[in-house]
Each structure stands twice: as C-alpha cells, then as structure tokens.
Protein chains: 2
Amino acid sequence: MTANTLKRQPLYAQVKQLLMQRMSGGEWQAHDALPSEWELADELGASQGTVRKALSELVDAGLLYRQQGRGTYAAPVPGDWGEASLLTPGLFFERPDELVREFLGMSRLNASEDIAEALQLRRLAPLLRIRQLWRWHGAPVALDDALLPAETFDGMDARWLRNSAGVYATLQQRFGVRVKVVCEQFRAEMLPREEAGLLGVTGMVADVPALCLLRLSADMDGRPLEWRQRYCLTHQLAYTVKHG
Amino acid sequence: MTANTLKRQPLYAQVKQLLMQRMSGGEWQAHDALPSEWELADELGASQGTVRKALSELVDAGLLYRQQGRGTYAAPVPGDWGEASLLTPGLFFERPDELVREFLGMSRLNASEDIAEALQLRRLAPLLRIRQLWRWHGAPVALDDALLPAETFDGMDARWLRNSAGVYATLQQRFGVRVKVVCEQFRAEMLPREEAGLLGVTGMVADVPALCLLRLSADMDGRPLEWRQRYCLTHQLAYTVKHG
DNA sequence: AAGTGGTCTAGACCACCTA
DNA sequence: AGGTGGTCTAGACCACTTA
C-alpha cells in the first residue's frame, strides 16, 4: 500500500489489472497454480483481504478458479461456444456432446456500417473473417463467421487457426487477449443459399429454418473485438444457454 | 455473532437468507431504502463487513441496488423478458421499445414426462398454463406459455394476471416468490398452426420461421418453478440478450 | 503439521450525497 | 456536518487438503 497508488483507482482494481497483465503474458498456463493469497499480498504490498477481492473478481470473470485448501488456478480458455451448447430440446441437464470444429478459411473484407459502429471502427475498416464449421456425429450443425479488426490482429496466421481449439483460444495464445461475450441476438431465418451449401443442406429439401446468432464480444476492459455470425440447424439439437 | 449460528452455514449466508425472507414478506417495496449497513450489522449482531457481503450477493442476484452516499434499495421486479428484449437486428445499443402485454387466459393441464422431470415433479402432476401475447406497435410479435406447478401456486387467480406486469411480477406480489432464469434453449421452427393463428399469421403466407424459446426458471434457492415456451416472430426484431 | 482458501471482526479512512 | 456506501488493514479462527 506504500507507493505507486495512482489513486482514482482502488487498490484491489490495480491488483486485478496487474494480475490480468501477468496472465496475458503467459505467466500461468491453464490449471497452473497462482501464488497463495498471502504471498501475493506480501509481494504486492497489499493485505490478504484486498488480494482476495481482486482474485474473486477474476474468478467471477472466469479467468481463475479456486479449490478450498489447495490453491487458486488459471482457468482454461473458453471455447467459441462459451456458456452455450447444443442439447436435445427439452432436456436441460444432458451432458453436451462435443462438437468437432473444422476451419474453413480466413479472408479480408471491409466493415459495413453496422459492424463498424458496433466494433467502434471507422467505416470500411479492414476486417478479418474467420469461417468455421461445426459437426455433430459427422453432420454439419453450425457455421460460423468471426469478424475481427484486422489492424488489432495484424499478423494473424491461418495455420494458427487450423490447429487450435477455436478463435478465442487463438486470440488468447497468440495475442494474449481474453474475450468475453457482451450481448447476443437470435433470429429464426430461412437458411440462405450459400450457407445452405456449406451446411450440406442441398437438393429438393430447399426451405430449412435456421437459428441465426449475432454476437458482440469484447476484451476484459470492454473494448469491442469481435462480431460473430452463426447459423445453426436446430431441427435436432437446441441452442442451450446456461445462466449465472 | 452471539447465539443462533446454526453453523454449517456462514454468517453472511444466514444474513442473506434472513434478508430474502424479509423481502419476500413485503417489508420493502421496489425502490424502498433498506437500513444502512451499520444499522443492519447492529440489529443482526454481525459486523458491517459481513452484512456488506450479504448485501453484495443480493445486489449481484438483482434483488437490491446500491447508490453511493445514498443507500441500498429494493430492486424492482424484473419483467417476463428478464435481460432480453427485441431490437433491430445488428443494433445492440438501441433502447428497446416497450412491448405491450395481453393476458390470454389461464388453464390447467398435466405435466408431460420432460416437463415433470425438469420441474422435479411426478409424472402427470397438475400444472397451470398462463398464456400471454406480446405486441409491438400493435402487431403481435411473441406468444408465451408459462407452466407452473399447480400445487405450489394454489389459489392463483386469473384476475391477478390480467392486471399486472407479467407472470414474474404476479408471483412476487401474490406469493412472495422471486424467480430467476436457470437456462434457455433456442430453436428455429416453422410456426405451428395454432400459434400462427394467435400471432395473427394467417392466409396464404403460410410458412413463417419462428424463434422458439424454452426457459427453465427457479426460485432463489434453485428449486425449479417455471417452464416457459415462447414463440417469437423475428423477421423484424431480433431477440437480444445482454450478458453479465 | 503445515499450507491454503473461506469467514469474521473492529476500526479506520475516503468519496459521495443530502441537507 | 452527518450519513451512507466503498475500501483497506491486521489479526484471528475455521475447514479443507496434502504430506
């Protein structure tokens, strides 16, 4: 508590910031133990209670988890589905089947007006578009476009994306950026032609309703980072979201 | 801290429970000020910090809100849409137009197997079905069925529902029960005939995709209380959920 | 037995609001 | 000036895990 208090910002918030920086720097990998609350308190010149408050907020944010009597650990990076999964309609407590991810490609485009505004970019700002397909027991069930500000993620390599657990995992590993979902929109739409092709809906069947998801994500400080658009086929599996 | 500690349950949790009971009893209406942290601490024989922790959890749960320098207040009951609203697709930061609620009726039925399991009831347990229609600028946009355990809400009166802000508001006012959403499922479906009629989708148009929402809600202790099924027309407005 | 997270206290000060 | 929420500390004890 001695010196560098910039004031205007409570001590626990400074501790939290500092820990987030050290985590971004890769100091602790998933499931690594952090120093104990007392060690951190010593090291940072704060009391155990203050360190504890900072850690608690990081636990709430999903960056850490605790085990009584054991320690505090770095949480694994969430996947591209976050708190959502595909489940049998009506059964909320089923264990979700793991979806298989397929990286389809990365391309560049310019932001539309809506997207530029949502991501707080200028009109026509360059974006990276990352396209992924999700399969369930081999059958395509969802198609993803993640749109990221190209300048923020300059140097993004398609090979990183091909061999990873998803977009969020890559952002964390390669850029030290942890992302959280800000808000989501849902609509029911007839599946557009291009998406129908990629999802393997072809032939005479023609008109299939699809769940259309729009998601806005931000970094831990609230700066918008990602606009995602996802088409889900929900005639077999329902898009399920668990709440706090 | 003197006497009635049942142990096995930390003091702040007991304080929280006690405050929840007093709120259910109607001791404070929406926007009423609670006693100050110090008064509560005195009254309950705990320290200010302990009371503060209990209050903080209730704030997180949405039952209270705080204003620095002023006090702690009872939060208004959330509406049937919770953190969700209908917005123009792609615009996340729009202010939502208020939806107009229309109570369509209350009936009784027996639980299907799925619903009985989700609500932790026996098979064929009696349920109340409360049907509501939501209009936007006069046009129907959503249709709701709320299914409640009939035995828990014995004495429910349709007149209460007609003149209220919704199902959750009625449960709070008449039964002292505060509800929170546990999880939600989304699907895209072709609008079934009966629902199409109630939503005013008629004539030759025929095949309209609808967003189908399934929601499981519980009381503050986690006991399941409500199964809700909602059909939304999303060709104009998207179902928008804001996160933590 | 030692180490860790989890709870609780008493007292102090600060920042903000109302009067 | 007085009241309220918001932060911080030092010290204590408990419950759980590991060795």
Side-chain angles (χ1 to χ4, degrees), chain A residues 1-20 22-23 27-28 30-75, chain B residues 1-20 22-23 27-28 30-75:
Chain A
M1 71 49 138
T2 51
N4 65 346
T5 55
L6 284 167
K7 284 304 170 202
R8 277 300 69 90
Q9 184 85 325
L11 184 50
Y12 76 87
Q14 298 176 41
V15 171
K16 180 180 162 188
Q17 274 298 128
L18 195 147
L19 288 172
M20 277 173 50
R22 289 171 66 175
M23 284 202 292
E27 186 160 342
W28 302 291
H31 307 294
D32 282 356
L34 269 66
S36 77
E37 297 178 350
W38 283 103
E39 284 172 354
L40 285 171
D42 248 44
E43 184 182 333
L44 305 177
S47 71
Q48 177 260 357
T50 299
V51 167
R52 184 171 178 76
K53 175 152 186 173
L55 291 176
S56 294
E57 295 211 346
L58 294 174
V59 169
D60 291 343
L63 299 196
L64 300 176
Y65 64 94
R66 289 198 263 233
Q67 284 183 24
Q68 157 128 211
R70 287 174 49 82
T72 304
Y73 302 86
Chain B
M1 69 55 131
T2 52
N4 66 343
T5 55
L6 286 168
K7 282 306 169 198
R8 277 299 71 88
Q9 184 85 325
L11 184 51
Y12 76 88
Q14 299 177 40
V15 170
K16 182 181 161 187
Q17 274 298 126
L18 195 147
L19 288 172
M20 277 173 50
R22 287 172 66 176
M23 284 202 292
E27 185 161 344
W28 303 290
H31 307 295
D32 282 356
L34 270 66
S36 77
E37 296 178 351
W38 283 104
E39 284 171 352
L40 285 171
D42 246 46
E43 185 183 333
L44 305 178
S47 72
Q48 177 260 356
T50 298
V51 168
R52 183 171 179 77
K53 175 152 186 172
L55 291 175
S56 294
E57 295 211 345
L58 293 174
V59 169
D60 291 343
L63 300 195
L64 300 177
Y65 64 94
R66 289 201 262 232
Q67 284 185 23
Q68 156 130 213
R70 287 175 49 83
T72 303
Y73 302 86

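So you know, we letter chains A, B, ... as the sequences are listed, proteins then strands, and number each from 1.
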Inset, instruction - Return the orientation label for the Tyr73(A) and Tyr65(A) ring planes: parallel under 30°, perpendicular over 60°, tilted otherwise. - result: parallel
Euclidean distance, atom [atom1] of residue [X] to atom [atom2] of [N] [Å, nearest integer]:
X        : N       : atom1 : atom2 : value
Gln48(A) : dC14(D) : CD    : P     : 16 Å
Gln14(A) : dT7(D)  : CD    : C1'   : 12 Å
Tyr73(A) : dG5(C)  : OH    : P     : 8 Å
Arg52(B) : dC8(D)  : CZ    : P     : 11 Å
Leu11(A) : dC13(C) : CG    : P     : 17 Å

Inset, instruction - Could you check Trp28(B) against Leu64(B) for side-chain contact (heavy atoms from CB on, under 4.5 Å), going step by step and ending with a plain yes or no? - result: CA-CA 11 Å; Trp28(B) 303 290; Leu64(B) 300 177; over 6 Å; no
Inset, instruction - Give the C-alpha distance, both sets of side-chain angles, the deciding distance and a yes or no for side-chain contact (heavy atoms from CB on, under 4.5 Å) between Gln9(B) and Lys16(B). - result: CA-CA 11 Å; Gln9(B) 184 85 325; Lys16(B) 182 181 161 187; over 6 Å; no
Legend entry - Counterpart residues, side chain to side chain donor-acceptor pair (under 3.5 Å), relative to Ser36(B) (two or more places apart): none
Inset, instruction - Evaluate side-chain contact (heavy atoms from CB on, under 4.5 Å) for Leu40(A) paired with Val15(A), printing each intermediate quantity in order. - result: CA-CA 9 Å; Leu40(A) 285 171; Val15(A) 171; over 6 Å; no
Inset, instruction - Mind running a 4.0 Å heavy-atom check of residues 32-43 of chain B against DNA chain C and sending the residues that fall below it, in number order? - result: none
Inset, instruction - Tell me which residues in residues 60-70 of chain A put a heavy atom below 4.0 Å from DNA chain C, sorted by number, or none. - result: Arg66(A), Gln67(A), Gln68(A), Gly69(A), Arg70(A)
Legend entry - Proximal nucleotide (of dT9(C), dT7(D), dT9(D)) relative to the Tyr12(A) side chain: dT7(D)
Does [X] have a side-chain nitrogen or oxygen under 4.0 Å from the phosphate oxygens OP1 or OP2 of [N]?
X        : N      : answer
Thr50(A) : dT9(D) : yes
Thr72(A) : dT4(C) : no
Lys53(A) : dT7(D) : yes

Inset, instruction - In sequence, state the C-alpha distance, the side-chain angles, and the governing distance for Glu27(B) and Asp32(B), and then conclude on side-chain contact (heavy atoms from CB on, under 4.5 Å). - result: CA-CA 9 Å; Glu27(B) 185 161 344; Asp32(B) 282 356; over 6 Å; no
Legend entry - Value rounded to 0.5 Å, distance of CD in Gln67(B) from OG1 in Thr72(B): 9.5 Å
Inset, instruction - Find the distance between CD (Glu37(B)) and OG1 (Thr50(B)) and round it off to the nearest 0.5 Å. - result: 11.0 Å
Inset, instruction - Provide the closest heavy-atom pair for Gly62(B) versus Ala75(B) in the form atom of the first, atom of the second, distance. - result: O-CB, 3.3 Å
